[in-house]
Amino acid sequence: MKTDRLIGILSVLLQQEKTTAPELAEKFEVSRRTINRDIETLCRAGIPILTLQGAGGGIRIMEGYRMDRTLLTSRDMKMILAGLRSLDSVSPGRYYGQLMEKLSPGTADFVSGRDFMLIDLSSWYKDSLAPKIARIQEAVEERKILAFHYYAPSGESIRKIEPYYLVFRWSSWYVWGWCLKRKDFRLFKLNRMDRLIKEETSFEPRQVPAPDLSNERIFPGKIRVKAVFAPQMKWRLVEEFGIHCFKTQEDGSLLFQMDYTDEEHLISWLLTFGGQAEVLEPASVRKRLAETAAEILRRYRDT
């Protein structure tokens, strides 16, 4: 924590002509005595810092000292702040906001007219997502077991894991860890987790392989889909699979061909198009869609 503060103080001094101990104490939420000790530490490290008393006084780096007064370029800083803002969007506390203030002395605004990249990682679930991320982060840092109720397509289960990585991928948050039940590394989706508890039980870190998050590894294409979509569905196909996933036929309809992973998910996706799509292959999916449509018709006809 002290090292972070020293770097922050140095950053302020490099970007501002002058500051004061009370200003630094307020910014870094410590006492003036702590700031004075930090200034002494920086001086011992070879940074020529001057402290001037009285009106017009303050703390600054000695003029003429040969040192680049910007540790990072403007572009570098914008990229760093964009990343910090994105993390702040899923943080329940003020840590990332305070860090941005340290990196941008003189302004508490997270978004300025100079910024051009805004990233919100919270989606629709910030109220439930942010506390989960904070708890998982604590468990990773403290090497504590996580226990939770998990909802998966195969059913519900109680899981305990050794957490190692928080992952944002495919527009969702996941935790990568060693599952005590499966005796293997697994990826768990945060939105499917409930009653998340950080236990007091500690664990010894394993040799952790970096998670292979390639689409081919996580979503192997096992089902070759061939379907025809109405022209007005072009925007959805482009949004979800890209402009090259279909060919426009003479009548304007869209011939879609794609490898898909899971039949259940495929059928759910196709049903969202209502009567604007017709599956040609495989026959098994076409049959199940017909059966599902018949069941829907029966339910609503009865009412």
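These values consider heavy atoms only, across backbone and side chains, with no hydrogens, waters or symmetry-generated copies. The residues of the chain are indexed from 1 along the displayed sequence.
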Checklist entry - Tell me, which pairs form a salt bridge (Lys or Arg N to Asp or Glu O under 4.0 Å) where one or both residues lie in residues 269-283, sequence neighbours left out? => result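 Salt bridge (Lys or Arg N to Asp or Glu O under 4.0 Å) check on residues 269-283 returns E278-R286.
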So, do [X] and [Y] sit near enough that their side-chain heavy atoms are less than 4.5 Å apart?
X    : Y    : value
L190 : I136 : yes
V225 : D259 : no
E142 : E200 : no

Checklist entry - Where do K181 and K160 land on the side-chain contact (heavy atoms from CB on, under 4.5 Å) test, with the steps shown first? => result CA-CA 7 Å; K181 181 177 181 179; K160 293 188 177 185; over 6 Å; no
Are the aromatic ring centres of [X] and [Y] under 6.0 angstrom apart?
X    : Y    : result
F203 : Y164 : yes
F185 : W176 : yes
Y165 : Y174 : no
W269 : F241 : yes

Got a donor-acceptor contact below 3.5 angstrom from the [X] side chain to the [Y] backbone?
X    : Y    : answer
S268 : E264 : yes
E23  : T20  : yes
S253 : Q249 : no
T41  : R37  : yes

Item to check | Pairing of E295 and R298 as salt bridge, 4.0 angstrom limit | outcome: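 The answer is yes: the pair qualifies as a salt bridge.
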Can you establish whether the number of heavy atoms outside [X] located under 6.0 Å from its atom [atom1] is more than 12?
X    : atom1 : result
E26  : CD    : no
R33  : CZ    : no
H265 : NE2   : no

Point-to-point distance, once rounded to the nearest 0.5 Å, from [atom1] of [X] to [atom2] of [Y]:
X    : Y    : atom1 : atom2 : value
L13  : I49  : CG    : CD1   : 5.5 Å
E199 : L146 : CD    : CG    : 8.5 Å
R206 : E162 : CZ    : CD    : 4.0 Å

Checklist entry - Would you say Y151 and L129 are hydrophobically clustered, going by side-chain heavy atoms of ILVMFWY under 4.5 Å? => result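 No, it is not one cluster - the side chains of Y151 and L129 are not joined through contacts under 4.5 Å.
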Checklist entry - Can F273 be reached from W235 by stepping across I, L, V, M, F, W or Y side chains whose heavy atoms are under 4.5 Å apart? => result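 W235 clusters together with F273.
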Checklist entry - Is the closest side-chain donor-acceptor distance between R236 and T272 under 3.5 Å? => result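 Yes, T272 and R236 have a side-chain donor paired with an acceptor closer than 3.5 Å.
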Checklist entry - Can a donor-acceptor pair be found between the side chains of K144 and T201 at a distance below 3.5 Å? => result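 No - no donor-acceptor pair under 3.5 Å links their side chains.
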Checklist entry - Think R186 forms a cation-pi with W178, using NZ or CZ under 6.0 Å from the six-ring centre and within 45 degrees of its axis? => result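 The answer is no, since R186 fails at least one limit relative to W178.
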Next on the checklist: Set out, in order, the CA-CA distance, both residues' side-chain angles and the distance that settles side-chain contact (heavy atoms from CB on, under 4.5 Å) for R224 and Q257, then state yes or no.
Outcome noted: CA-CA 7 Å; R224 184 65 177 175; Q257 298 187 76; 3.8 Å; yes
Checklist entry - Which other residues belong to the hydrophobic cluster containing L52, where Ile, Leu, Val, Met, Phe, Trp and Tyr are joined when side-chain heavy atoms lie under 4.5 Å apart, directly or via other members? => result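 In the cluster with L52 there is nothing else; it is isolated.
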Next on the checklist: side-chain contact (heavy atoms from CB on, under 4.5 Å), that's the test. Do I223 and L266 meet it? Break it down for me.
Outcome noted: CA-CA 9 Å; I223 306 170; L266 171 60; 4.2 Å; yes
Checklist entry - What do the steps show when you test F256 against F229 for ring pair (Phe, Tyr, Trp, His ring centres under 6.0 Å), and what is the final call? => result CA-CA 7 Å; F256 171 87; F229 290 83; 5.5 Å; yes
